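First up is the structure itself, then whatever we jot down about it.
Fair warning: this is a prediction, and the values are worked out from it, not measured in the lab.
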2 protein chains.
Amino acid sequence: MAQDTTRLRRFIEDETGSCCDAEVEARLDALVSLGEAIPDDCESDVTAFKTLGNETRYRIVRLLAAAEDERCVCEITPLFDVSESAVSHALSDLTDAGLLARRKEGTWRYYRTTELADQLVEALDATRGDNE
Amino acid sequence: MAQDTTRLRRFIEDETGSCCDAEVEARLDALVSLGEAIPDDCESDVTAFKTLGNETRYRIVRLLAAAEDERCVCEITPLFDVSESAVSHALSDLTDAGLLARRKEGTWRYYRTTELADQLVEALDATRGDNE
DNA sequence: TGAGTAATTGAACAACTACTCATATTAGCG
DNA sequence: CGCTAATATGAGTAGTTGTTCAATTACTCA
């Protein structure tokens, strides 16, 4: 936001036949306030998406979402072709991103999906097959 | 999937008091088939998330989702602090990921969100504020 | 057809990521 | 306590990404 608006001015001229400074201003303001509809915690949204944008982490979430229940780390690890450490890192990142929750019981650790993860997975499945 | 299962065996012993090979097998199979509930186009899911996991791209999607209508590239560009080229790359990546659709009219290009993008944004907003 | 404009594309490179290996933490048990 | 097991954490590094700059395409109109 601090860019050249000559192209936008020409665009408005194209639409309306003419264009004064005030119109460019008004259009920009309207766009900016649309942009401001973006929630404050945009950063955490981006983090959630970024965290799901990796096959190992995404598959862990799908597994736990399908399970509809918590699972122990030792149940999850054998399903993946990466090291135990990599799975542990993945679980930890997912938890930090608010996509998984953890429970300890002795030396075992159980993970389950959060509401956020469930909603995102559901949103994806809802549009699956649609071509738009 | 091809990992050590000694830990899983001990886990089952812990739960049930004892554990034979068949039980370990059965447990693993159950977990594997949960894993197989993961859709085939998992890769495109990961791509969608990865693409939203960047602030520039995410904010473009939020903007267009809030607009509930198409917008010309020249309207979008001035709102962002990156180069025109970066916005164009972002729009292109989002389109490839199935999150935006494009329409040409003369030299102007219009972009709008797809159903997939709308659903994902909505899923996020639906859980906003929840602490789980 | 040629000048001018909107948008896209490709190359280059600093910044970031995802994994592995080694080590640390935490818990149960003799 | 000291041993072992389950998981987590940190450092290192090969590979990936996001941006910019420069060049290109695609369209309009005189």
Side-chain angles (χ1 to χ4, degrees), chain A residues 2-15 19 43 46-47 49-61 70-78 80-97 100-111, chain B residues 2-15 19 43 46-60 70-78 80-97 100-111:
Chain A
Q3 213 91 0
D4 180 36
T5 57
T6 61
R7 195 168 297 184
L8 179 58
R9 158 169 265 113
R10 270 192 290 260
F11 179 70
I12 298 176
E13 278 167 8
D14 228 55
E15 275 188 335
C19 178
E43 201 179 321
V46 172
T47 299
F49 284 127
K50 193 180 304 193
T51 305
L52 284 168
N54 164 268
E55 197 181 323
T56 300
R57 292 189 300 255
Y58 178 67
R59 289 184 51 228
I60 289 174
V61 167
E70 63 185 11
R71 286 287 181 271
C72 179
V73 173
C74 71
E75 297 179 282
I76 299 168
T77 302
F80 291 84
D81 282 330
V82 295
S83 67
E84 279 177 33
S85 175
V87 172
S88 182
H89 278 293
L91 290 167
S92 179
D93 292 346
L94 286 163
T95 305
D96 290 348
L100 295 183
R102 175 164 49 190
R103 185 173 69 85
K104 304 185 186 190
E105 193 176 311
T107 61
W108 308 108
R109 306 288 157 95
Y110 297 85
Y111 285 87
Chain B
Q3 213 89 359
D4 180 35
T5 58
T6 61
R7 196 168 296 183
L8 179 59
R9 156 168 267 114
R10 270 192 290 259
F11 178 71
I12 299 175
E13 277 167 8
D14 228 55
E15 276 188 332
C19 177
E43 201 179 321
V46 172
T47 299
F49 284 127
K50 192 180 305 192
T51 305
L52 285 169
N54 163 265
E55 196 182 323
T56 300
R57 292 190 298 255
Y58 177 67
R59 288 185 50 229
I60 289 174
E70 62 185 12
R71 286 288 180 270
C72 180
V73 174
C74 70
E75 297 180 281
I76 299 168
T77 302
F80 291 85
D81 283 329
V82 295
S83 67
E84 276 182 39
S85 175
V87 172
S88 183
H89 277 296
L91 290 167
S92 180
D93 292 347
L94 285 163
T95 305
D96 290 348
L100 295 183
R102 174 164 51 188
R103 183 174 71 85
K104 305 185 187 189
E105 193 175 312
T107 62
W108 308 108
R109 306 288 156 94
Y110 298 85
Y111 285 86

Problem set entry | Qualifying residue, where the test is side chain to side chain donor-acceptor pair (under 3.5 Å) with B:Tyr111 and the options are B:Arg102, B:Glu70, B:Arg71, B:Glu75 | B:Arg102
Exercise. Are A:Arg7 and B:Thr77 side-chain neighbours, meaning at least one heavy-atom pair lies under 4.5 Å?
Worked result: no
Exercise. Do A:Ser92 side-chain and D:dT9 base share a donor-acceptor contact under 3.5 Å?
Worked result: no
Problem set entry | Parallel, tilted or perpendicular: ring planes of B:Phe11 versus A:Trp108, cut at 30 and 60 degrees | perpendicular
Problem set entry | Those residues of residues 50-58 of chain B lying under 4.0 Å from DNA chain D by at least one heavy atom | B:Lys50, B:Asn54, B:Thr56, B:Arg57
Problem set entry | Rounded distance (nearest 0.5 Å) linking atom SG of B:Cys72 with atom CZ of B:Arg103 | 9.5 Å
Exercise. Looking only at side-chain N and O atoms, does A:Tyr111 come under 4.0 Å of OP1 or OP2 in D:dA8?
Worked result: yes
Problem set entry | Length of the line joining B:Ile76:CD1 and C:dT8:C1', which is rounded to integer Å | 14 Å
Exercise. Do any N or O atoms from the side chain of A:Arg109 and from the backbone of A:Val73 form a donor-acceptor pair under 3.5 angstrom?
Worked result: no
For this session: Measure from the side chain of B:Val82, starting at C-beta and using heavy atoms only, and say which of C:dA6, D:dT20, D:dT7 lies closest.
Result: D:dT20
Seminar exercise, completed: Judged by nearest nucleotide, the residue sitting upstream toward the 5' end of DNA chain D, A:Trp108 or A:Ala86, is A:Trp108
Problem set entry | hbond_proxy B:Ser85 side chain to C:dT9 base (donor-acceptor, 3.5 Å cutoff) | yes
Exercise. Between D:dA6, D:dT7, C:dA7, which one does the side chain of B:Glu84 approach most closely?
Worked result: C:dA7
Exercise. Can you check the B:Leu91 CG to D:dT19 P distance for me, whole Å?
Worked result: 12 Å
For this session: Drop me the distance from A:Thr47's OG1 to B:Glu55's CD, to the nearest 0.5 angstrom.
Result: 9.5 Å
Exercise. To the nearest Å, how far apart are B:Arg9 CZ and D:dA5 P?
Worked result: 15 Å
Problem set entry | A:Thr5 side-chain N/O to A:Leu8 backbone N/O, donor-acceptor pair under 3.5 Å | no
Detail all sub-3.5 Å separations between protein N/O atoms and N/O atoms belonging to nucleotides 24-30 of chain C.
none

Exercise. Where is the tightest heavy-atom contact between A:Leu52 and A:Val61, given as atom of each residue plus distance?
Worked result: CD2-CG2, 3.8 Å
Seminar exercise, completed: Value for CZ (A:Arg10) from CD1 (A:Ile12), rounded to nearest 0.5 Å, stands at 12.0 Å
For this session: Would you work out how much the helix from C:dT1-D:dA30 to C:dG30-D:dC1 bends between its ends, with each end axis defined by five base pairs, to 10 degrees?
Result: 20°
Exercise. Would you say a side-chain N or O of A:Arg7 is under 4.0 Å from OP1 or OP2 of C:dT5?
Worked result: no
Exercise. If only side-chain N and O atoms of A:Arg102 are considered, is one of them under 4.0 Å from the OP1 or OP2 phosphate oxygen of D:dA8?
Worked result: yes
Problem set entry | B:Glu43, CD: over 12 other non-hydrogen atoms inside 6.0 angstrom | no
For this session: Identify whether a stacking contact exists between A:His89 and D:dT9, where the ring centres must be under 5.5 Å apart and the planes under 30° apart.
Result: yes
Problem set entry | Check: A:Leu91 and A:Ile76 side chains under 4.5 Å, non-hydrogen atoms | yes
For this session: Give the rounded distance in Å between these two atoms: CG of B:Leu94 and C1' of D:dG18.
Result: 13 Å
